[in-house]
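Here is the structure we will look at.
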Amino acid sequence: MLKKTITIGLSSGLEARPVAMLVQIASQYDSMIYVENQNARVNAKSIMGMMTLGMGAGEQITVSADGADENSAMDEIEKYLVGEK
């Protein structure tokens with residue numbers, strides 16, 4: 001299991017479109033992937049769960065991945081969240 005704290009670098013934060021993209025990325029992997037902040041822990045593959053977080057740019061979240069492809073999943077999710085292309 002991997003766990004990493006990531007600062008959101010997306011200029012719009014985790015609003016509707018960025019959340020939908022994050023869910024698409026997470027859904028490509030077999031690993032169980034969760035995103036948490038101080039208030040909640042949600043499945044990164046659930047668009048409704050992710051929308052409840054409402055995180056803005058510059059805020060920190062903790063991403064955890066557990067499974068056979070956890071390293072690849074964490075790398076891709078981190079790249080997306082920090083705003084790398």
Side-chain angles (χ1 to χ4, degrees):
M1 175 184 232
L2 297 176
K3 199 169 198 175
K4 187 177 250 187
T5 300
I6 300 171
T7 301
I8 299 170
L10 301 169
S11 60
S12 62
L14 289 181
E15 293 180 351
R17 284 187 190 186
V19 163
M21 187 65 177
L22 179 58
V23 169
Q24 272 188 322
I25 293 168
S27 295
Q28 295 174 12
Y29 297 95
D30 293 328
S31 294
M32 306 241 325
I33 304 168
Y34 290 93
V35 174
E36 56 190 293
N37 63 13
Q38 60 271 35
N39 302 324
R41 180 176 189 250
V42 298
N43 184 338
K45 298 177 185 180
S46 164
I47 193 147
M48 293 307 287
M50 289 298 299
M51 289 299 292
T52 64
L53 292 179
M55 302 293 290
E59 292 188 62
Q60 289 190 330
I61 58 173
T62 301
V63 178
S64 58
D66 188 16
D69 55 2
E70 63 190 27
N71 289 315
S72 300
M74 186 66 78
D75 288 346
E76 283 299 310
I77 289 170
E78 182 177 20
K79 267 198 256 183
Y80 177 68
L81 288 173
V82 298
E84 291 182 20
K85 300 284 187 232

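Note that the structure is a prediction, hence the values are computed from the model and not measured.
Hydrophobic clustering, with ILVMFWY side chains joined whenever heavy atoms are under 4.5 angstrom apart, keeps M21 apart from Y34.
Taken from CE in M32 to CG in N43, the straight-line distance is 7.0 Å, to the nearest 0.5 Å. Expressed to the nearest 0.5 Å, how far CE of M55 lies from CD1 of I6 amounts to 11.5 Å. For the atom pair CE (M74) and NZ (K79), the distance works out to 14.0 Å, reported to the nearest 0.5 Å. From I8, atom CD1 reaches atom CG of L22 across 9.0 Å, with rounding to the nearest 0.5 Å. Between K4 atom NZ and D75 atom CG the span is 6.5 Å, to the nearest 0.5 Å. For the atom pair CG of L2 and CD of E78, the computed distance is 10.5 Å after rounding to the nearest 0.5 Å.
Taking each heavy atom of L53 and A40 in turn, the nearest pair found is CD2-CB, 4.0 Å. In this structure, V19 and L14 approach most closely via the heavy-atom pair CG2-O, 3.6 Å. In plain terms, the two heavy atoms of I33 and A73 that are nearest each other are CD1-CB, 3.8 Å. Shortest non-hydrogen contact noted between Y29 and E76 is OH-CG, 2.9 Å. Of all heavy-atom pairs between S64 and E36, the closest is OG-OE2, 4.5 Å. The two residues A57 and S11 have their closest heavy-atom pair at CB-O, 3.8 Å.
At least one side-chain heavy atom of I61 sits under 4.5 Å from a side-chain heavy atom of L81. Contact of the M50 side chain with the I47 side chain is not registered, since no non-hydrogen atoms from C-beta on lie closer than 4.5 Å.
For M1, the CE atom is densely surrounded, since the number of other residues' heavy atoms within 6.0 Å is greater than 12.
Here E15 pairs with nothing under the salt bridge (charged side-chain N to carboxylate O under 4.0 Å, His left out) rule; sequence neighbours left out.
Counting only N and O atoms by type, the side chains of D66 and S31 include no donor and acceptor under 3.5 Å apart.
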